[in-house]
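This report refers to the structure that appears directly beneath it.
We're numbering straight along the sequence, starting at 1. Counting convention: from 1, in listed order, for ligands and their atoms alike.
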Amino acid sequence: MSTKADWIWFDGKIVPYEEATTHVLSHTLHYGLGAFEGIRAYTQEDGRPGIWALDDHMTRLFDTMKMMEMKTEFTREDVTQACHEVLRRNDMSEAYLRPLAFIGEGALGLGVRTNPVHVVVGAWKWGAYLGEEGIKNGVDVKISTFTRHHPNAAMQRAKVVGHYVNSIMARYEANADGYDEAIMLDHHGFVAEGTGENVFVVKGRHVKTPPVANILPGITRKSIIEILKHEGYEVEETWFGRDAFYVADEAFMVGTAAEVTPIHSVDRKVVGLGKPGPVTKLSLKLYHQAVRGKLDFMKRHIAVV
Ligand SMILES: *Cc1c(COP(=O)(O)O)cnc(C)c1O
């Protein structure tokens, strides 16, 4: 599924993959307090790599660290340059980049604030996250029995390492039950998101997605809203229940890893006609054009390496 890159950026230096290791008593390993990002680079028309929405990802990474009170000596500019450097050193033009800030070795215990905060940027090749078949015909998802974090238990805006335990439980359950992916509801029973993707529902020309309140504010979600609005669609950010999927014409998931993935069924109830509909196909096509610099109005989101 993934092919690792030979070089990793680790606290300001480029080191070989094998040397990018850490101590078993690293704080994040024990308590899950760490900030991370998932970013993709795509080959642009001139053959050079372009990093999609790097600025937005850096904002979210540093916002996450701020919320988690993680202080690093590395600036936003340092980590931005690190992303560029990792691509250059590994000679990759299409890659998934993984910046991670974690709390290192020193004291253990929850009140500790003196341990060093390390920052790394790794990379690997990652194809269709939910499979090529999923992109073509849609994925089968279930509404998880796991509730998404209460917003007063975990900061929804923060992309935090430990938050993913909830996502992994939901993903394991869905896969064990024969589904490709899970969609989680919030504590009120409203649709929140996939385990690492935001969701959209389409009925006629009306498109809706949950608001930035019970979800991780996805950057792909933001891009899709921008693209669809540009194409003249109304996109409403609102709460809705699982039944919206049952009567939808179309539904799809979006995320840096999943890109745009159509949803074929929810709880074994086939969505719409059982194949990707026009809004899904348009979003998928235009997103792939956007990230490769083929849409003028989206070009400003690309950082060419
Ligand atoms: C990262 C993530 C997403 C997708 O965000 P993008 O910025 O589009 O990659 C959605 N949901 C969760 C829980 C996530 O962690």
Side-chain angles (χ1 to χ4, degrees), residues 32-42 51-65 67-68 83 95-101 121 123-124 126 128-130 139 141 143-144 146-151 153-174 180-187 190-201 209-228 235 237 251-261 263 283-284 286-288 290-291 298 301-303:
L33 184 65
F36 74 105
E37 276 302 321
I39 309 174
R40 273 191 197 260
Y42 294 91
I51 308 176
W52 180 251
L54 182 55
D55 234 34
D56 285 335
H57 285 284
M58 288 300 116
T59 299
R60 193 169 64 191
L61 179 67
F62 280 81
D63 281 353
T64 298
M65 282 195 272
M67 285 182 269
M68 298 301 127
C83 292
Y96 182 86
L97 290 164
R98 167 55 54 79
L100 167 73
V121 180
W124 58 87
W126 221 357
Y129 176 67
L130 293 167
V139 288
V141 308
I143 302 295
S144 185
F146 290 94
T147 303
R148 192 59 183 156
H149 298 293
H150 188 290
M155 307 299 106
Q156 284 299 133
R157 278 189 172 75
K159 209 168 169 82
V160 166
V161 174
H163 289 184
Y164 262 59
V165 175
N166 174 253
S167 291
I168 292 172
M169 292 291 98
R171 177 70 188 256
Y172 280 179
E173 178 193 61
D180 300 305
E181 180 55 299
I183 289 174
M184 288 176 283
L185 306 179
D186 69 14
H187 57 290
F190 293 118
V191 171
E193 58 187 323
T195 62
E197 312 88 3
N198 295 117
V199 295
F200 285 80
V201 171
T209 189
V212 176
N214 60 353
I215 58 163
L216 187 287
I219 292 158
T220 317
R221 172 187 178 278
K222 197 172 132 196
S223 304
I224 294 297
I225 292 173
E226 190 179 345
I227 289 171
L228 285 178
V235 182
E237 298 176 56
F252 55 94
M253 319 187 95
V254 308
T256 299
E259 299 171 305
V260 178
T261 302
I263 295 176
S283 304
L284 197 131
L286 295 184
Y287 182 72
H288 282 273
V291 297
M298 296 297 279
H301 298 301
I302 299 170

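- Every residue two or more places apart in sequence or in another chain that forms a side-chain contact (heavy atoms from CB on, under 4.5 Å) with Ala258 is listed here: Tyr129, Leu130, Glu197, Thr261.
- Remark: Asp63 does not engage Arg157 in a salt bridge, criterion side-chain N to carboxylate O under 4.0 Å.
- For Arg40, there are no side chain to side chain donor-acceptor pair (under 3.5 Å) partners at least two apart in sequence or on another chain.
- Side-chain contact annotation: Thr195 with Glu181, donor-acceptor N/O pair under 3.5 Å present.
- Using modelled atom types and a 3.5 Å distance limit, the side chains of Ser144 and Arg171 yield no donor-acceptor pair.
- Residues satisfying the side chain to side chain donor-acceptor pair (under 3.5 Å) test with Gln156, not counting sequence neighbours, are none.
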Using a cut-off of under 3.5 Å, which N/O atoms of ligand 1 pair up with protein N/O atoms, and what distance separates each pair?
unit_1: ligand 1; atom_1: 7 (O); unit_2: Arg60; atom_2: NH1; d: 2.8
unit_1: ligand 1; atom_1: 7 (O); unit_2: Arg60; atom_2: NH2; d: 2.9
unit_1: ligand 1; atom_1: 7 (O); unit_2: Ile219; atom_2: N; d: 2.7
unit_1: ligand 1; atom_1: 8 (O); unit_2: Ile219; atom_2: N; d: 3.2
unit_1: ligand 1; atom_1: 8 (O); unit_2: Thr220; atom_2: N; d: 2.9
unit_1: ligand 1; atom_1: 8 (O); unit_2: Thr220; atom_2: OG1; d: 2.6
unit_1: ligand 1; atom_1: 9 (O); unit_2: Thr256; atom_2: N; d: 3.0
unit_1: ligand 1; atom_1: 9 (O); unit_2: Thr256; atom_2: OG1; d: 2.6
unit_1: ligand 1; atom_1: 11 (N); unit_2: Glu193; atom_2: OE1; d: 2.6
unit_1: ligand 1; atom_1: 15 (O); unit_2: Lys159; atom_2: NZ; d: 2.7
unit_1: ligand 1; atom_1: 15 (O); unit_2: Tyr164; atom_2: OH; d: 2.4

